[in-house]
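Have a look at the structure below, then the notes.
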Amino acid sequence: MASITFIEHDGTEHAVEIEPGKSLMQTAIDNGVPGIDADCGGECACGTCHVIVEGKWISTTGSASEDELQMLDLTPERDDNSRLACQINTSEAMDGMVARLPEFQM
Amino acid sequence: MTRKCIIIGASHAAAQLTISLRQEGWDGEILVIGDESHLPYHRPPLSKAFLSGEKTVETLSIRPAALYKKNNVQFLQGRVTAINRNKKTLTLRTNQGGVDELSYNKLALCTGARVRQVKLPGCELNGIHYLRDLADAESIKSKIAEGQRAVIVGGGYIGLETAASLRKLGMEVSVLEMAPRILQRVTAPEVSEFFHRMHTEHGVRIYTNSAVAGFVGNGYVNKVVLANGTELPAHLVIVGVGVVPNTELAEAAGLKVKDGIVVDDHCVTSDINIVAAGDCTNQFSKLYDRRVRLESVPNATAQAKSAAASLCSFHKFCDTLPWFWSDQYDLKLQIAGLSHGYDEVVIRGDQFSGRSFAAFYLKEGQLIAVDCVNRPQEFMFSKKAITEKAHIKPERLADDSVPVKDLIFDTERNTQ
Ligand SMILES: Cc1cc2nc3c(=O)[nH]c(=O)nc-3n(C[C@H](O)[C@H](O)[C@H](O)COP(=O)(O)OP(=O)(O)OC[C@H]3O[C@@H](n4cnc5c(N)ncnc54)[C@H](O)[C@@H]3O)c2cc1C
Ligand code: FES
């Protein structure tokens, strides 16, 4: 099974199966991963699905739109590899990917 | 014996509550009773991407059935008709007409709100719709036909979103607003003017100062009559004139109700074994120093988290910043805070000819709310600044050449 691991702020790990085409946010929500609120249901409107994609995996996630970058810009736990999970479409190429969750969603 | 938590209502608040209860360590039974035939689904798309056909029913679920199953959450379709707090039981009327009595240890009221109905001549005609649930949206969808006329009664967010969606599908759309301007209840005149212009540019006809006197038709509506006598032909009418909270059940059970079910900072009602969350509640907002009843998804989820903690005897203070979003055409509106009571509006950007600007609402110099159109950065900035009760110089806010990031350094904290 191709999987992605979400790591909560306190270190708790959640390995979940990739269903290609589903957004990274939906993948977390559907598997009950805590730490992603996704208030707007994936409209890039709330900024509560912030994840930090680890290292080399960032290249598999595609690039962020201008809107997404602006939403992320003022996020307190902003990192170079910060993304909004609802804007990432998962694929088999992400097998093994690690995404860290911030302590707080804005 | 295992403990049992019953949740009444199966929508945004309930969905979050079930997940949060397990996260907080509730190991007893969880039963959700709702009167709709679906698992909890996202309501916002009903007037947006679902209505316009960009989203299907399958994509609306808040959480998949498998996750509820994994968390051992049961669902039951039916309507709760009474709560007996002394016996800790409730009366359930199932869809088949049967009546049941169920016991609970803890109870959560997530009964939400229902649409306000208009009582006007002809209001019972076919073709007159409201929009609150999936069944409503599906029956509206079945009547959408290119080139035919839709009349929308009420120029609030839901009415305007519906107008945009129907327009996209090629209907001739008119919006009737009783007040002198659309969105009057919720935004500054500048923002109303902007949306008026946008809808007009997209071919929607907006009639302000236009009260509806009644509907005419022969079994099926074909005309809407205004108070001034004007008649508008209509194939489809959608009424969006606000909602009323579902509080009757709580009231009959003797819980404190005042424009919503009254809850404390931890979403507990006047009975310590009963919590409430979502559109049905009325809670004190520290930030705004008054009681508020909010109608939004973020509020329903935040309150549900706090309510879940209370049910597990933890305390999760609930005083999150109210916020809301709306999509119309290519316009993404993001609203943070409550603008009620503002004494100054500052516009950043050009609301007269552009498609992107922010309207900041100040009260005695303090930022209390913002409406952002295609301005995500200003929105995120404001969420933080409002919570921090920031005072920002209006000249700086209005100056689009000052990067949003730098506005942060301008904030003077409220020193009181
Ligand atoms: C078309 C539309 C667009 C919207 N757009 C947005 C948006 O863009 N952003 C946003 O933040 N919010 C939006 N909202 C508002 C948002 O949907 C509500 O705030 C949210 O649904 C509230 O959730 P809730 O769980 O409190 O209650 P509700 O969603 O109202 O659900 C309550 C449920 O409880 C059931 N129920 C009530 N009483 C009983 C009983 N006695 N027995 C059994 N079942 C019962 C009801 O039938 C209902 O299914 C929109 C709403 C609509 C209708
Ligand atoms: S879910 Fe709201 S921005 Fe991603």
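Below, read A as the first sequence line, B as the second, and so on, with proteins coming before strands; counting in each chain starts at 1.
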Atom [atom1] of [X] with >12 non-hydrogen neighbours under 6.0 angstrom:
X        : atom1 : answer
A:Glu19  : CD    : no
B:Phe317 : CZ    : yes
B:Asp330 : CG    : yes

Can we say B:Lys55 and A:Glu43 salt-bridge, meaning some charged N sits less than 4.0 Å from an Asp/Glu carboxylate O?
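Salt bridge: yes.
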NZ/NE/NH1/NH2 to OD/OE distance under 4.0 Å, A:Asp30 and B:Arg63:
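No salt bridge links A:Asp30 with B:Arg63.
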For B:Leu60, is it the side chain, the backbone, both, or neither that has a heavy atom closer than 4.5 Å to a heavy atom of chain A?
neither
Residue selection (most heavy-atom pairs with chain B, distance under 4.5 Å) from A:Gly42, A:Cys44, A:Gly47, A:Ala38
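Most heavy-atom pairs under 4.5 Å with chain B: A:Cys44.
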What residue, out of A:Ala45, A:Pro76, A:Gly41, has the most heavy-atom pairs lying under 4.5 Å from chain B?
A:Ala45
Residues of residues 295-311 of chain B near chain A, each having a heavy atom less than 4.5 Å away
B:Val297, B:Pro298, B:Thr301, B:Lys305
At under 4.5 Å between heavy atoms, what parts of residues 65-75 of chain B are in contact with chain A? List them by residue number.
B:Leu67, B:Lys70
Flag the one option from B:Gln377, B:Arg375, B:His42 with the top tally of heavy-atom pairs under 4.5 Å to chain A.
B:Gln377
Check whether B:Lys383 reaches the backbone of A:Cys46 with its side chain - one donor and one acceptor, N or O, closer than 3.5 Å.
yes
Salt bridge (charged side-chain N to carboxylate O under 4.0 Å, His left out) involving A:Arg83 - partner list, sequence neighbours excluded:
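Testing A:Arg83 for salt bridge (charged side-chain N to carboxylate O under 4.0 Å, His left out), a comparison that skips the adjacent residues, returns A:Glu68.
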For A:Glu54, which residues count as a salt bridge (charged side-chain N to carboxylate O under 4.0 Å, His left out) partner, sequence neighbours excluded?
A:Arg100
Between CG on residue B:Asn374 and CD on residue A:Gln70, distance to nearest 0.5 Å:
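Going from CG on B:Asn374 over to CD on A:Gln70, the span is 9.5 Å.
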Separation of B:Phe379 CZ from A:Met71 CE (nearest 0.5 Å):
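It is 6.0 Å, given to the nearest 0.5 Å.
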What is the minimum heavy-atom distance between B:Gln23 and A:Gly32, and which atoms define it?
NE2-O, 3.9 Å
Atom of A:Asp39, atom of B:Trp325 and distance for their closest heavy-atom approach:
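Closest heavy-atom pair between A:Asp39 and B:Trp325: O-CH2, 3.7 Å.
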Less than 4.5 Å apart, side chain to side chain, heavy atoms only: is that true for B:Lys405 and A:Leu74?
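With C-beta onward as the side chain, the pair touches.
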